[in-house]
Amino acid sequence: MTPDGKDPAGGKGPDAKMDVVEDVDAGAGAKPFDPAAAESPEDAHLLAEAEKIAQALGRMFPGICEVVLHDLRDPDHAIRCIENNLSGRQVGESATELGLARIRDPHYPSVIQNYANQFPDGRPAKSTSIGIKNAAGQYIAALCLNLDISTLSPITLTLSNLIATDPETRDAPLERLGDRSRRELREVIETTAAERSTTPRALPREAKKDLVRRLHEDGYFDTRNAAQTIGDLLGISRASVYTYARRDDDRG
């Protein structure tokens with residue numbers, strides 16, 4: 001139900017996307033609401049239970065989410081309860097266009113979800129309206145949630161700025177925060193050898209050179225005893241490891 005009394009499903013609400021869950025429980029024989037059945041004990045029970053839900057939802061989200069329960073059995077005085085009053089409406093006020101549409105048409109969508117809305121003072125809102133039917137397939141109530149997103153937008157902007165990174169380094173990290181351990185070196189070297197269907201020590205000389213240069217570029221030489229570890233795994237001397245790495249530097 002829109003805070004400003006407009007019908008989002010009928011195209012009279014704000015121009016925004018919304019999710020509409022089509023009504024699948026309205027049988028072919030469903031009839032519009034019958035005022036003569038307004039005092040049905042079953043309907044009264046449903047309204048009483050829905051009021052508990054409205055109160056609980058309102059108290060779950062104090063100050064930011066208005067929750068309104070409309071009694072569609074009495075459209076001239078439809079608002080039965082309102083929690084976290086953000087729209088300035090009062091209990092006993094009339095139904096909105098959306099409520100009237102449900103009274104007229106039992107096939108009207110039972111759930112209209114997450115549509116853009118606006119409070120009378122201009123604050124943006126995100127709304128959901130849920131129609132409630134009785135056993136006869138008639139709409140007797142609507143539970144409506146109107147979330148004040150004006151209070152959340154600055155937080156969203158702050159968080160977006162907080163987690164933002166420099167686009168120039170986003171795809172090419174300047175460093176790796178993991179420890180370059182002997183185990184990780186072994187995994188990298190063995191994976192490279194496995195891709196060639198061989199073992200690290202059996203790699204051709206040029207392949208070993210390329211691997212050492214790649215390990216150097218990726219920062220593996222920054223850890224203690226890295227050159228010795230690489231040499232042990234590849235079956236070459238520590239001096240050869242540094243020679244392969246220096247050749248890479250010289251080429252730059």
Side-chain angles (χ1 to χ4, degrees), residues 1-14 16-27 30-34 37-38 40 42-87 89-120 123-149 152:
M1 196 69 64
T2 62
D4 57 2
K6 294 182 178 180
D7 175 7
K12 299 180 180 179
K17 294 182 179 179
M18 62 182 175
D19 298 328
V20 177
V21 179
E22 294 296 337
D23 180 17
V24 296
D25 59 346
K31 300 177 181 179
F33 177 70
D34 180 5
S40 165
E42 292 80 5
D43 292 356
H45 177 73
L46 282 175
L47 264 293
E49 293 301 302
E51 186 168 354
K52 295 178 186 178
I53 297 173
Q55 292 172 348
L57 286 172
R59 293 168 190 176
M60 183 74 180
F61 305 102
I64 63 169
C65 186
E66 177 184 77
V67 184
V68 186
L69 178 63
H70 297 264
D71 183 349
L72 301 183
R73 303 174 304 171
D74 185 7
D76 290 335
H77 308 90
I79 296 182
R80 177 177 175 125
C81 75
I82 182 166
E83 295 286 329
N84 300 328
N85 193 334
L86 302 176
S87 61
R89 292 174 291 176
Q90 301 298 324
V91 171
E93 290 190 7
S94 62
T96 61
E97 293 177 2
L98 199 158
L100 295 176
R102 284 193 169 119
I103 293 172
R104 290 191 301 265
D105 182 8
H107 298 282
Y108 198 85
S110 58
V111 177
I112 303 176
Q113 190 167 18
N114 296 335
Y115 57 90
N117 213 339
Q118 189 176 59
F119 290 108
R123 285 173 297 166
K126 175 183 175 180
S127 298
T128 290
S129 177
I130 307 166
I132 300 173
K133 290 183 176 183
N134 61 14
Q138 301 165 340
Y139 281 116
I140 61 167
L143 182 64
C144 305
L145 294 82
N146 303 306
L147 182 68
D148 181 2
I149 59 176
L152 302 177

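Sequence positions, counted from 1, serve as the residue numbers for this chain. The figures that follow rest on heavy atoms only: side chains count, while hydrogens, waters and symmetry mates do not.
- Residues Glu42 and Asn134 form no side-chain contact, since every pair of their non-hydrogen atoms from C-beta on lies 4.5 Å or further apart.
- Here the CE atom belonging to Met60 is positioned 14.5 Å from the CD1 atom belonging to Ile53, to the nearest 0.5 angstrom.
- When side chains are defined from C-beta on, Gln90 does not count as touching Ile82, because their heavy atoms never get closer than 4.5 Å.
- To the nearest 0.5 angstrom, Ile140 atom CD1 is 7.5 Å from Asp71 atom CG.
- Under the side-chain hydrogen bond (donor to acceptor under 3.5 Å, both in side chains) criterion, Glu93 pairs with no residue at all, not counting sequence neighbours.
- With 3.5 Å as the limit, one finds no donor-acceptor pair spanning the side chains of Gln113 and Thr128.
- A donor-acceptor pair under 3.5 Å is formed between the side chain of Asn85 and the backbone N or O of Arg89.
- Side-chain contact check for Phe61 versus Leu145: every heavy-atom pair is 4.5 Å or farther apart.
- A search for side chain to side chain contact (heavy atoms under 4.5 Å, CB included) contacts involving Ile149 returns Pro124, Lys126, Leu147, not counting sequence neighbours.
- Proximity of Pro120 to Ser87: side-chain heavy atoms (C-beta onward) are separated by under 4.5 Å at one or more points.
- For Asp148, the side-chain hydrogen bond (donor to acceptor under 3.5 Å, both in side chains) criterion is met by Arg123, Ser150, not counting sequence neighbours.
- The side-chain contact (heavy atoms from CB on, under 4.5 Å) with Ser129 is formed by just one residue from the set Cys144, Ser110, Pro109; it is Cys144.
- Residues Pro75 and Ile103 share a closest heavy-atom pair of CB-CD1, 3.7 Å.
- Here salt bridge (charged side-chain N to carboxylate O under 4.0 Å, His left out) pairs that include residues 76-86, with residues two or more places apart or in two chains, are Glu51-Arg80.
- Looking only at side-chain heavy atoms (C-beta outward), Val67 and Leu143 come within less than 4.5 Å of each other.
- Atoms CD and CG, on Glu66 and Asn117 in that order, are 10.0 Å from each other to the nearest 0.5 Å.
- Pairing each heavy atom of Leu72 with each of Arg102, the nearest pair is CD1-CB, 4.1 Å.
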Stepwise side-chain contact (heavy atoms from CB on, under 4.5 Å) check, Ile64 with Asn84
CA-CA 7 Å; Ile64 63 169; Asn84 300 328; over 6 Å; no

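- Between His77 and Ile79 there is no side-chain heavy-atom pair separated by less than 4.5 Å.
- Of all heavy-atom pairs between Tyr139 and Asp105, the closest is CE1-O, 3.7 Å.
- Here Ala50 pairs with Leu69, Ile132 under the side chain to side chain contact (heavy atoms under 4.5 Å, CB included) rule; sequence neighbours left out.
- Within the structure, side chain to side chain donor-acceptor pair (under 3.5 Å) contacts touching residues 52-64 (residues at least two apart or in different chains) are Glu49-Lys52.
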